[in-house]
K.L.:
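Let me give you the structure first, and then I'll get to my questions.
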Amino acid sequence: MSSSIGVEPGSLYVVATPIGHLSDIGGRAADVLRGVDLVAAEDTRTTRVLLDHLGVHPQTMPAHRHNERAAAQRIVEALAAGRSVALVSDAGTPAVSDPGARIVDDVRAAGYRIVPVPGPSAPLALISASGLVEGPFHFEGFLPARERARDERLAELARMPHPFVLFEAPHRIAPTLAAIARLAGGGRRVAIGRELTKRFEEIHVCDVADARGWLDADENRLRGEYVLVVAAPSRTAGSGDAVASDVVEVDVHALLSELLAEMPLSRAVRLAGRVTALPRRKLYAMALAAARRVGAQGGEEEGEERTAGRRAGPAR
């Protein structure tokens with residue numbers, strides 16, 4: 001089959017596949033899948049559905065995150081034998097929050113040609129339909145699974161001056177939306193894309209504070225894969241330094257109150273510092289005041305207050 005137009009022996013084709021709707025397969029991608037000798041797939045059962053749709057039956061092999069090194073070696077051997085290979089993931093582009101980067105690196109190191117075949121992209125699909133991105137954006141992909149690591153990374157992302165894009169699984173979407181609302185601050189907007197290009201596709205744009213309510217309004221929304229676009233922080237045009245400082249102060253009080261309801265004072269101060277870049281001593285004082293107001297002190301927070309009282313001196 002390697003004699004087909006556009007497919008060369010000894011080449012690895014990195015092929016983007018539909019993210020849902022099978023008709024979104026590109027013409028060139030379809031020709032490559034029709035022409036290659038071997039298809040290396042994240043899940044051969046998922047890829048078989050696409051190949052059946054195209055009416056082709058090339059040899060397939062698994063190439064997922066648990067066998068990338070071994071799969072790369074097998075692909076190199078196939079290329080050395082003069083065969084052509086396509087690398088695909090279950091949906092979208094290989095090596096973009098999916099396996100594939102190690103395979104591509106090993107194949108290139110072995111001296112073989114790498115040919116990208118671009119196509120459908122879930123992040124770009126939602127960006128184009130969100131209205132929230134006009135310039136640069138940051139693609140993050142999946143956040144860490146552990147709550148603490150997730151919150152720390154979200155706090156860093158919230159400080160960026162431009163939008164950021166996330167992938168999320170259905171069993172984590174609710175706590176992730178709650179964490180974004182807590183850490184990104186009021187006034188931020190978010191685009192929520194569920195099951196993009198599929199039968200039950202939904203795209204919803206709202207304030208981050210309202211995102212969890214939208215999710216909870218329909219139990220079916222806890223199904224399917226998610227893409228999120230979190231807008232850049234709002235900027236008050238023409239504001240002077242004093243006015244801007246006042247706005248930040250109000251936001252910090254609200255942020256600390258939310259954090260203290262979920263975690264110990266020391267951790268709340270650390271995360272607030274990542275978001276605001278305010279001095280640690282000032283944040284401690286504000287957090288202690290907020291904790292007194294809401295009666296949230298207890299256990300670790302009380303110990304933190306006693307310790308903070310003994311630390312009178314220069315801020316670190």
K.L.:
Looking only at non-hydrogen atoms, find the nearest pair between Asp24 and Pro18 and report the distance.
P.N.:
C-CG, 4.1 Å
K.L.:
Between the side chains of Glu77 and Arg74, is the shortest nitrogen-to-carboxylate-oxygen separation below 4.0 Å, so that they form an ion pair?
P.N.:
no
K.L.:
Taking C-beta and beyond as the side chain, do Arg182 and Leu259 meet within less than 4.5 Å on heavy atoms?
P.N.:
yes
K.L.:
With a 6.0 Å cut-off (strictly less than), is the heavy-atom count around NE2 of His21, excluding the residue itself, greater than 12?
P.N.:
no
K.L.:
What verdict does the side-chain contact (heavy atoms from CB on, under 4.5 Å) test give for Asp98 and Asp90, after you've listed the backbone C-alpha separation in whole Å, the side-chain angles of each residue and the deciding distance to 0.1 Å?
P.N.:
CA-CA 9 Å; Asp98 270 328; Asp90 288 347; 6.0 Å; no
K.L.:
State yes or no: do Leu22 and Val56 share one hydrophobic cluster built from I, L, V, M, F, W and Y residues joined by side-chain heavy-atom distances below 4.5 Å, directly or via other members?
P.N.:
yes
K.L.:
I'd like to check Ile75 versus Tyr112 (side-chain heavy atoms, cut-off strictly below 4.5 Å). Are they in contact?
P.N.:
no
K.L.:
Please test Asp31 against Arg34 for salt bridge (Lys or Arg N to Asp or Glu O under 4.0 Å), starting from the C-alpha separation and ending with a verdict.
P.N.:
CA-CA 5 Å; Asp31 286 343; Arg34 291 187 180 106; 3.5 Å; yes
K.L.:
Can you give me the closest heavy-atom contact between Val115 and Ser11, atom names plus distance?
P.N.:
CG2-CB, 4.5 Å
K.L.:
Just by distance, do the side chain of Asp151 and the backbone of Leu271 share a donor-acceptor pair under 3.5 Å?
P.N.:
no
K.L.:
I need the Phe164 CZ to Leu157 CG distance, nearest 0.5 Å.
P.N.:
5.0 Å
K.L.:
Strictly by salt bridge (Lys or Arg N to Asp or Glu O under 4.0 Å), give each pair with a member in residues 38-65 just once, sequence neighbours left out.
P.N.:
Asp43-Arg45
K.L.:
With side chains defined as the heavy atoms from C-beta onward, is the minimum distance between Arg270 and Glu152 less than 4.5 Å?
P.N.:
yes
K.L.:
Applying the side-chain contact (heavy atoms from CB on, under 4.5 Å) test to Val88, which of Leu33, Leu50, Val14, Val32 qualifies?
P.N.:
Leu33
K.L.:
So which atom in Ser89 and which in Thr47 form the shortest heavy-atom distance, rounded to 0.1 Å?
P.N.:
O-OG1, 4.5 Å
K.L.:
Shortest non-hydrogen contact from Pro136 to Pro163?
P.N.:
O-CD, 3.4 Å
K.L.:
Walk me through whether Leu51 and Thr60 qualify under side-chain contact (heavy atoms from CB on, under 4.5 Å).
P.N.:
CA-CA 10 Å; Leu51 296 176; Thr60 60; 3.8 Å; yes
K.L.:
Within a strict 4.5 Å, meaning less than it, do heavy atoms of the Phe200 and Asn220 side chains meet?
P.N.:
no
K.L.:
Taking C-beta and beyond as the side chain, do Ile192 and Glu202 meet within less than 4.5 Å on heavy atoms?
P.N.:
no
K.L.:
Would you please name every residue forming a ring pair (Phe, Tyr, Trp, His ring centres under 6.0 Å) with Phe142, sequence neighbours left out?
P.N.:
Phe167
K.L.:
Assess the residue pair Arg113 and Glu8 against the criterion (salt bridge (Lys or Arg N to Asp or Glu O under 4.0 Å)); give the C-alpha distance rounded to whole Å, side-chain angles, the decisive distance to 0.1 Å, and a yes or no.
P.N.:
CA-CA 9 Å; Arg113 183 182 177 214; Glu8 297 292 333; 5.7 Å; no
K.L.:
Could you tell me the separation between the CZ atom of Arg153 and the CG atom of Leu166, rounded to the nearest 0.5 Å?
P.N.:
9.5 Å
K.L.:
Check whether Ser84 reaches the backbone of Asp37 with its side chain - one donor and one acceptor, N or O, closer than 3.5 Å.
P.N.:
yes
K.L.:
Are Leu228 and Leu143 linked, directly or through other ILVMFWY residues, by side chains that come within less than 4.5 angstrom of each other?
P.N.:
yes
K.L.:
With hydrophobic residues grouped by side-chain heavy-atom distances under 4.5 Å, do Ile25 and Ile19 end up in a single group?
P.N.:
no
K.L.:
Would Glu140 and Met160 satisfy side-chain contact (heavy atoms from CB on, under 4.5 Å), going step by step from the backbone distance to the final call?
P.N.:
CA-CA 12 Å; Glu140 180 73 8; Met160 292 183 177; 5.5 Å; no
K.L.:
Taking the side chain as everything from C-beta on, heavy atoms only, tell me whether Asp106 gets closer than 4.5 Å to Glu68.
P.N.:
no
K.L.:
Under the side-chain contact (heavy atoms from CB on, under 4.5 Å) rule, what do Tyr226 and Leu177 come out as? Steps first, then yes or no, please.
P.N.:
CA-CA 11 Å; Tyr226 276 88; Leu177 287 174; over 6 Å; no
K.L.:
Can you list the residues that meet the ring pair (Phe, Tyr, Trp, His ring centres under 6.0 Å) rule with His204, with sequence neighbours excluded?
P.N.:
Trp214
K.L.:
With rounding to the nearest 0.5 Å, note down the distance linking CG in Leu154 to OG1 in Thr176.
P.N.:
7.0 Å
K.L.:
Looking at CZ of Arg188 and CG of Leu183, how far apart are the two atoms once the value is rounded to the nearest 0.5 Å?
P.N.:
10.5 Å
K.L.:
May I ask you to decide whether Asp105 forms a salt bridge with Arg102, counting only side-chain N to carboxylate O separations under 4.0 Å?
P.N.:
no
K.L.:
Taking the side chain as every heavy atom from C-beta outward, state whether Val36 and Val85 have any pair of such atoms under 4.5 Å apart.
P.N.:
no
K.L.:
Salt bridge check, Lys198 against Glu225: does any charged N sit closer than 4.0 Å to a carboxylate O?
P.N.:
no
K.L.:
Do Arg150 side-chain atoms and Pro144 backbone N/O form a donor-acceptor pair below 3.5 Å?
P.N.:
no
K.L.:
For the residue pair Val7 and Tyr13, what are the closest heavy atoms and their distance?
P.N.:
CA-OH, 3.2 Å
K.L.:
Find out if a path of hydrophobic residues (ILVMFWY) with successive side-chain heavy-atom gaps under 4.5 Å connects Leu79 to Val104.
P.N.:
yes
K.L.:
Atom CG in Leu288, atom CG in Leu256: separation rounded to 0.5 Å?
P.N.:
10.0 Å
K.L.:
Working to the nearest 0.5 angstrom, can you tell me the gap between Leu87 CG and Ile103 CD1?
P.N.:
5.0 Å
K.L.:
Is it possible for you to say whether Ile173 and Val165 belong to one hydrophobic cluster, with membership spreading through side-chain heavy-atom contacts below 4.5 Å?
P.N.:
no
K.L.:
Of all heavy-atom pairs between Leu126 and Ala191, which one has the smallest distance, and what is that distance?
P.N.:
CD2-O, 3.7 Å
K.L.:
Would you check if Ile203 and Leu196 make a side-chain contact, meaning some heavy-atom pair closer than 4.5 Å?
P.N.:
yes
